[in-house]
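Worksheet: one structure, shown below.
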4 protein chains.
Amino acid sequence: VSEVITTTRVRYPEVDRMSVAHHAVYPVWFEMGRTELMREAGAPYGELEDEQGLLFPVVELGVRFRAPARYDDELEIGTRLAELAGAHVRFHYRIVRRGSPALLAEGFTVHGAVGGNGRPRRIPVALRERLEPFSASEEVR
Amino acid sequence: VSEVITTTRVRYPEVDRMSVAHHAVYPVWFEMGRTELMREAGAPYGELEDEQGLLFPVVELGVRFRAPARYDDELEIGTRLAELAGAHVRFHYRIVRRGSPALLAEGFTVHGAVGGNGRPRRIPVALRERLEPFSASEEVR
Amino acid sequence: VSEVITTTRVRYPEVDRMSVAHHAVYPVWFEMGRTELMREAGAPYGELEDEQGLLFPVVELGVRFRAPARYDDELEIGTRLAELAGAHVRFHYRIVRRGSPALLAEGFTVHGAVGGNGRPRRIPVALRERLEPFSASEEVR
Amino acid sequence: VSEVITTTRVRYPEVDRMSVAHHAVYPVWFEMGRTELMREAGAPYGELEDEQGLLFPVVELGVRFRAPARYDDELEIGTRLAELAGAHVRFHYRIVRRGSPALLAEGFTVHGAVGGNGRPRRIPVALRERLEPFSASEEVR
């Protein structure tokens with residue numbers, strides 16, 4: 001099971017009056033993380049949408065904020081595919097400052113698979129096969 | 001116990017390729033809701049920060065997405081103060097399209113009270129008294 | 001010629017470390033202004049796109065920042081249709097704090113009219129007729 | 001005179017219904033570019049603000065949009081210090097898709113130097129010396 005690491009830097013418009021990253025930016029960072037995981041799995045989002053009409057809207061989101069991220073900090077977003085079910089997937093995320101083990105935030109998103117018509121859809125076999133090496137549920141087998 | 005209703009309209013940059021509001025906007029709408037609740041309680045955030053050095057950083061956030069909000073939709077954000085503890089508060093939110101009861105999303109945020117030095121701090125009595133009429137926990141008394 | 005006034009409040013994530021609205025938010029406020037003008041003209045953007053396949057991408061943007069807008073300020077965005085040409089339109093904007101004449105910022109956007117295929121397109125007559133009462137160039141007749 | 005190149009990828013929440021990057025994101029990309037230039041000059045913004053109380057608010061912004069940037073595109077932001085005056089600076093920017101010379105957008109920002117009290121301030125000599133190697137006006141000497 002691989003955790004995919006993506007890096008980003010805290011941008012000026014992302015920090016608030018307290019000079020720390022605003023909490024609404026974390027879901028954007030999480031999305032950067034899973035975008036990278038999907039790309040590494042050979043299943044980039046853009047292709048899934050454009051070629052297969054397959055979308056993964058977020059149905060649930062949770063974040064715990066442990067410590068503030070500050071302006072210009074270099075961050076590491078660690079993303080794991082925590083669950084790969086028939087018609088939904090679950091990603092876990094943790095965010096640290098580069099070179100420091102201290103957790104700044106951790107969270108999860110759950111995504112339903114839907115077709116272009118907006119209806120729930122089973123995840124196609126070809127996609128499952130690409131995602132399985134990244135799936136935490138594989139670990140226990 | 002009052003639920004405070006705030007209205008907003010889905011802005012163009014808030015929608016994505018699917019023409020629906022991006023999930024990272026919901027925490028911003030939640031924040032608009034609790035800002036309004038605090039203002040109605042006579043305790044606007046700006047004053048708390050500037051005059052009392054009291055901050056309420058988000059320590060936890062959760063959202064369930066039920067149905068998409070679309071470009072230019074008029075939304076109602078209903079905010080309740082679900083918990084008013086010694087050193088933290090919890091808000092609940094629900095978002096509907098104006099004039100329709102169908103829930104688009106619901107969620108919560110938990111906030112710790114901290115002083116200007118970043119240390120946890122008890123919520124001052126004067127502030128508690130302003131918030132209590134809005135607190136759901138009062139309802140059961 | 002009417003200037004259309006839209007109001008908004010400076011949101012927490014829109015302010016930066018200096019506690020003033022970040023400059024990248026002004027184009028979003030301008031967009032709120034012209035969206036409202038188009039709606040009042042009976043030609044809401046959403047309809048133009050969905051029903052007529054007509055888009056107005058921004059081809060040029062300019063802003064002069066005069067004085068900072070601060071957290072929770074109530075703003076007025078004044079929008080005028082400064083030019084209504086064959087295949088492009090130009091809007092002018094000015095932003096003030098509600099109840100104060102002092103200019104916080106002023107700016108403009110130029111938009112080309114394009115069809116669903118991305119090609120330039122003349123503005124349809126029916127739309128021109130709706131926009132003309134809002135057009136500054138009418139004023140001189 | 002060096003043009004500093006910064007790279008970024010178009011994020012999902014940055015694209016709109018037309019599946020192209022929203023125009024309000026370009027000022028954010030420009031800011032990433034000049035942040036990198038300042039860092040390379042040995043004068044990172046954070047330090048200037050925190051240690052010298054020196055701020056560079058944007059007083060003017062202009063952008064010309066040539067061609068759309070699309071979801072997940074890798075972009076290069078080229079930033080040059082076009083003018084280094086006594087109390088203001090001017091940056092120029094151009095944005096291309098990585099590996100392609102076609103210009104997607106170009107623009108500029110003008111920044112006044114102000115002290116912590118919000119008053120205009122001359123740019124300190126030590127900072128000028130760091131910025132001069134990056135300044136286009138040096139080129140002609």
Side-chain angles (χ1 to χ4, degrees), chain B residues 4 6-51 53-58 61 68-75 77 79 91 97-98 109 111 116, chain C residues 4 6-51 53-58 61 68-75 77 79 91 97-98 109 111 116:
Chain B
V4 172
T6 316
T7 59
T8 193
R9 216 181 249 284
V10 182
R11 300 174 176 181
Y12 205 94
E14 292 172 347
V15 303
D16 62 19
R17 299 178 74 191
M18 306 193 220
S19 192
V20 303
H22 190 265
H23 62 278
V25 183
Y26 289 75
V28 177
W29 291 336
F30 290 174
E31 185 170 60
M32 289 175 70
R34 67 178 175 272
T35 299
E36 193 56 38
L37 187 149
M38 296 296 279
R39 194 190 333 273
E40 290 198 12
Y45 271 116
E47 255 181 60
L48 294 179
E49 290 187 19
D50 295 342
E51 294 171 20
L54 188 62
L55 304 171
F56 286 96
V58 181
L61 160 71
R70 299 189 182 281
Y71 169 56
D72 213 32
D73 276 351
E74 257 198 292
L75 303 181
I77 308 153
T79 308
F91 292 97
R97 202 169 280 116
R98 195 171 175 173
T109 52
H111 304 252
Chain C
V4 172
T6 317
T7 58
T8 193
R9 216 181 249 284
V10 182
R11 299 174 177 182
Y12 206 94
E14 292 171 348
V15 304
D16 62 19
R17 298 179 76 190
M18 307 192 219
S19 193
V20 304
H22 190 266
H23 62 278
V25 183
Y26 289 75
V28 177
W29 291 336
F30 290 174
E31 185 170 61
M32 290 176 70
R34 68 179 176 272
T35 299
E36 193 57 37
L37 187 150
M38 296 296 278
R39 195 193 331 274
E40 290 197 12
Y45 271 116
E47 256 181 61
L48 294 178
E49 291 186 18
D50 296 342
E51 294 172 19
L54 188 62
L55 303 171
F56 287 97
V58 181
L61 160 72
R70 298 188 183 282
Y71 170 56
D72 214 31
D73 276 351
E74 257 197 294
L75 304 180
I77 308 152
T79 308
F91 293 96
R97 201 169 281 114
R98 196 173 176 172
T109 52
H111 304 251

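Just so we're clear, the structure is a prediction, and the values are computed from it rather than from any experiment. Chain identifiers are assigned alphabetically (A, B, ...) following the order of the sequence lines, protein sequences preceding nucleic acid strands; residue numbering begins at 1 within each chain. Atoms considered below: every heavy atom in the structure, side chains included; atoms not considered: hydrogens, waters and symmetry mates.
Ion pairing between a basic and an acidic side chain is recognised when a charged N comes within 4.0 Å of a carboxylate O; R9(C) and D73(C) show no such pairing.
Contact annotation for Y71(C): only side-chain heavy atoms (C-beta onward) come within less than 4.5 Å of a heavy atom of chain B. S19(C) does not touch chain B: none of its heavy atoms, backbone or side chain, sits under 4.5 Å away. Neither the backbone nor the side chain of R70(B) comes within contact range of chain C; no heavy atoms are under 4.5 Å apart. Contacts of E47(C) with chain B are absent, with no heavy-atom separation under 4.5 Å from either backbone or side chain.
Atom CZ of R34(C) is separated from atom OG1 of T109(C) by 4.5 Å, given to the nearest 0.5 angstrom.
In this structure, G33(B) and T6(B) approach most closely via the heavy-atom pair CA-OG1, 3.7 Å. Closest approach of R11(B) and T8(C) over heavy atoms only: NH2-OG1, 3.4 Å.
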